[in-house]
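Working notes, structure below.
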Amino acid sequence: MTPACPILHVDMDAFYASVMTRDRPELHDVPVVVGGGHRGVVLSANYPARRFGIRSGMPGAEAARLCPHALTMPPDFGLLTPVSRAIMETFRTVTPLVEVTSLDEAFLDVRGAVRLFGPPETIAERLRSRIRAEHGITCSVGIAASISVAKLASRQAKPDGVRVIPPDRFVAEVHPLDVGVLYGVGEATRQRLHRLGLVTVGDVAAVEVDLLRRMLGNHLGGHLHALVWGTDRTELVPGGAGVFGFGEGEPEGSMGAQHTLAVDVRDRVTLRRELLRLTARVAARVRTAGRTGRTVSVTVRFSDFTTVQRSRTLPVATDVTQEVYAVAVRLLDGLLDRGPRRLAVRLVGVRVEGLRPLRPADGRQMVLGERDPGWPDADRAVDRAIDRFGGSAVRRASLL
DNA sequence: TCTGGGGTCCTAGGACCC
DNA sequence: TCTGGGGTCCTAGGACCC
């Protein structure tokens with residue numbers, strides 16, 4: 001029989017901080033912050049640090065103000081990634097229906113596993129004790145009929161707990177809460193709803209769906225209506241880690257890179273050099289994934305934090321660094337010429353969109369009368385060298 | 001010493017075509 | 001020589017997630 005609540009959301013507790021201090025018992029009562037260095041944000045804070053009000057996503061400077069004696073360390077993905085992979089593999093011993101949404105979170109559909117392993121609550125406890133035993137860290141599990149409610153439940157289960165929200169308890173337990181608890185309602189939508197006098201989930205549920213659609217737009221209105229009644233049935237998509245660039249597959253639609261400069265910069269030569277560095281990285285990833293993209297998009301964030309983006313779609317898809325860069329640098333120049341003038345630049349980014357698999361026929365066919373400038377060969381040579389000697393072995397002349 | 005980096009999806013207007 | 005609808009593509013911006 002299919003259980004009423006077949007969806008599990010498993011969320012590691014303070015994953016980065018927990019893993020990085022796991023073998024250092026002397027740090028267990030010390031506030032530890034991962035990330036948040038110069039101009040950065042907090043990626044993870046252990047529970048002692050949270051007692052000072054430190055939260056992930058917070059500017060590092062603010063965290064330092066709240067707790068000056070906290071120990072701050074950069075994330076060590078060489079340590080974190082294998083732990084994450086092993087945990088996700090543990091999930092797959094229960095069900096193949098695992099959607100990995102980040103290094104430290106996944107949704108599981110266990111409807112086919114109850115016969116073998118028992119009810120979802122039992123499965124949750126099994127997974128929790130295995131993760132504790134094998135990796136020395138704790139996690140929390142939300143259990144519900146849908147991913148959106150399971151996600152909400154796991155947040156309430158933290159730390160180191162399990163929470164079930166069955167459909168017949170949804171209204172009683174969720175309607176009194178602030179709309180911001182809903183998965184998919186961020187700060188902007190929350191503020192908007194609050195301004196309309198809709199503060200709790202129940203307040204929104206009392207509004208007719210047609211009115212909601214008129215107030216918030218067709219899609220958001222309809223989606224929100226489903227969320228507040230717990231009827232959203234967005235399907236779990238098995239796989240998915242590639243979306244986050246953690247190496248398990250590659251993203252489908254776009255690949256990009258951006259960087260916040262150590263100091264705000266006005267000098268165009270410096271900005272172009274940074275753009276080339278990022279472009280080389282992105283194009284190499286596109287090639288490695290065996291894809292090409294048609295749209296190049298450049299993002300600039302100015303010192304006042306206003307962010308502008310310009311894109312250009314090419315007639316023919318490319319994976320050639322120099323072709324992407326030629327477009328990107330024109331977009332950058334246009335942006336600097338017409339953007340909020342006089343402001344220094346804080347961040348530059350480049351993205352290749354409209355990715356699709358590279359078919360042999362796409363090859364490097366020449367437009368009539370055009371000479372192949374040899375860039376694809378140069379790219380392949382660079383890719384091979386990076387493959388053999390590592391990324392630091394190869395630098396483009398203009399980066400030296 | 002305010003505010004990262006990697007993605008996805010939706011909206012809305014204009015161009016262009018039928 | 002007046003009015004139009006529908007579909008797709010492109011661009012810019014914004015919201016959301018971890």
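Reckoned from all heavy atoms, side chains included, excluding hydrogens, waters and symmetry mates. In this text, all values refer to a predicted model and were calculated from it rather than measured experimentally. In what follows, every chain begins at residue 1, and chains take the letters A, B, ... in the order their sequences are listed.
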Pairwise salt bridge (charged side-chain N to carboxylate O under 4.0 Å, His left out) hits with a residue in residues 174-187 of chain A, at least two apart: A/D178-A/R190, A/E187-A/R190

Sugar-phosphate, base or nothing in reach of A/T189, heavy atoms under 4.0 Å: sugar-phosphate

Cluster check A/L43, A/L66: I/L/V/M/F/W/Y, side chain < 4.5 angstrom: no

A/V42 or A/A61, whichever maps to the more 5' nucleotide of DNA chain B: A/A61

Side-chain donor or acceptor of A/R301 paired with backbone N/O of A/T307 under 3.5 Å: no

Nucleotides 7-14 of chain C: protein proximity per nucleotide (B base, S sugar-phosphate only, - neither; heavy atom, under 4.0 Å): ---SSSB-

Touch class at under 4.0 angstrom, heavy-atom based, for A/R281 against every strand present: sugar-phosphate

Closest-nucleotide ordering on DNA chain B, the 5'-leading residue of A/H219 and A/A64: A/A64

Cluster check A/F305, A/V345: I/L/V/M/F/W/Y, side chain < 4.5 angstrom: no

Sugar-phosphate, base or nothing in reach of A/G186, heavy atoms under 4.0 Å: sugar-phosphate

Anti/syn call for B/dC2, syn if |chi| within 90°: syn

Contact residues, residues 347-354 of chain A to DNA chain B [heavy atom, < 4.0 Å]: A/L347, A/R351

Qualifying residues under salt bridge (Lys or Arg N to Asp or Glu O under 4.0 Å), relative to A/R346, sequence neighbours excluded: none

Between B/dG6 (P) and A/R285 (CZ): distance, integer Å: 8 Å

Other cluster members, A/Y47 - Ile/Leu/Val/Met/Phe/Trp/Tyr, side-chain contacts below 4.5 Å: none

A/H175 side-chain N/O to A/V228 backbone N/O, donor-acceptor pair under 3.5 Å: yes

Dot-bracket pairing map - DNA chain C, Watson-Crick plus G-U, both contacts under 3.5 Å, | cross-strand: ....||||||||||||||

Side-chain H-bond candidate by donor/acceptor type, A/R351 with A/S254, under 3.5 Å: yes

Whole-Å distance separating the CG atom of A/L355 from the C1' atom of B/dG6: 14 Å

Partners passing side chain to side chain contact (heavy atoms under 4.5 Å, CB included) against A/A106 (at least two apart in sequence or in another chain): A/M88, A/F91, A/V98, A/L108

Atom pair distance, as rounded to whole Å: CD in A/E105 and P in C/dC18: 5 Å

Spacing of A/I87 atom CD1 relative to C/dC18 atom C1', expressed in whole Å: 16 Å

Same cluster (ILVMFWY, side-chain, under 4.5 Å), A/V179 and A/I165: yes

Atom-pair distance (CG on A/L66; C1' on B/dT3), nearest Å: 14 Å

C/dG4 and B/dC17, which share atom name C1', separated by this distance in whole Å: 14 Å

Atom-pair distance (CG on A/L278; C1' on B/dG4), nearest Å: 13 Å

Between A/T321 and A/D379, a side-chain donor and acceptor under 3.5 Å: yes

Residue pairs, two or more places apart or on separate chains, that pass side-chain hydrogen bond (donor to acceptor under 3.5 Å, both in side chains) and touch residues 53-77 of chain A: none

Where at least one partner belongs to residues 273-300 of chain A, residue pairs that pass ring pair (Phe, Tyr, Trp, His ring centres under 6.0 Å), sequence neighbours excluded: none

Non-neighbouring partners of A/F107 that pass ring pair (Phe, Tyr, Trp, His ring centres under 6.0 Å), sequence neighbours left out: A/H9

Hphob cluster co-occupancy, A/I143 + A/L227, side-chain heavy atoms under 4.5 angstrom: no

Salt bridge flag under 4.0 Å for residues A/R310 and A/D333: no

Separation of atom NZ in A/K158 from atom P in C/dC18, rounded to whole Å: 11 Å

Strand contacts (DNA chain B) in residues 255-263 of chain A, 4.0 angstrom heavy-atom criterion: A/M255, A/G256, A/A257, A/Q258, A/H259, A/T260

Modelled atom types, side-chain donor and acceptor of A/D13 and A/S140, under 3.5 Å: yes

Distances for protein N or O near nucleotides 15-17 of chain B N or O, under 3.5 Å:
none

Length of the CZ-C1' vector between A/R346 and B/dG5, whole Å: 13 Å

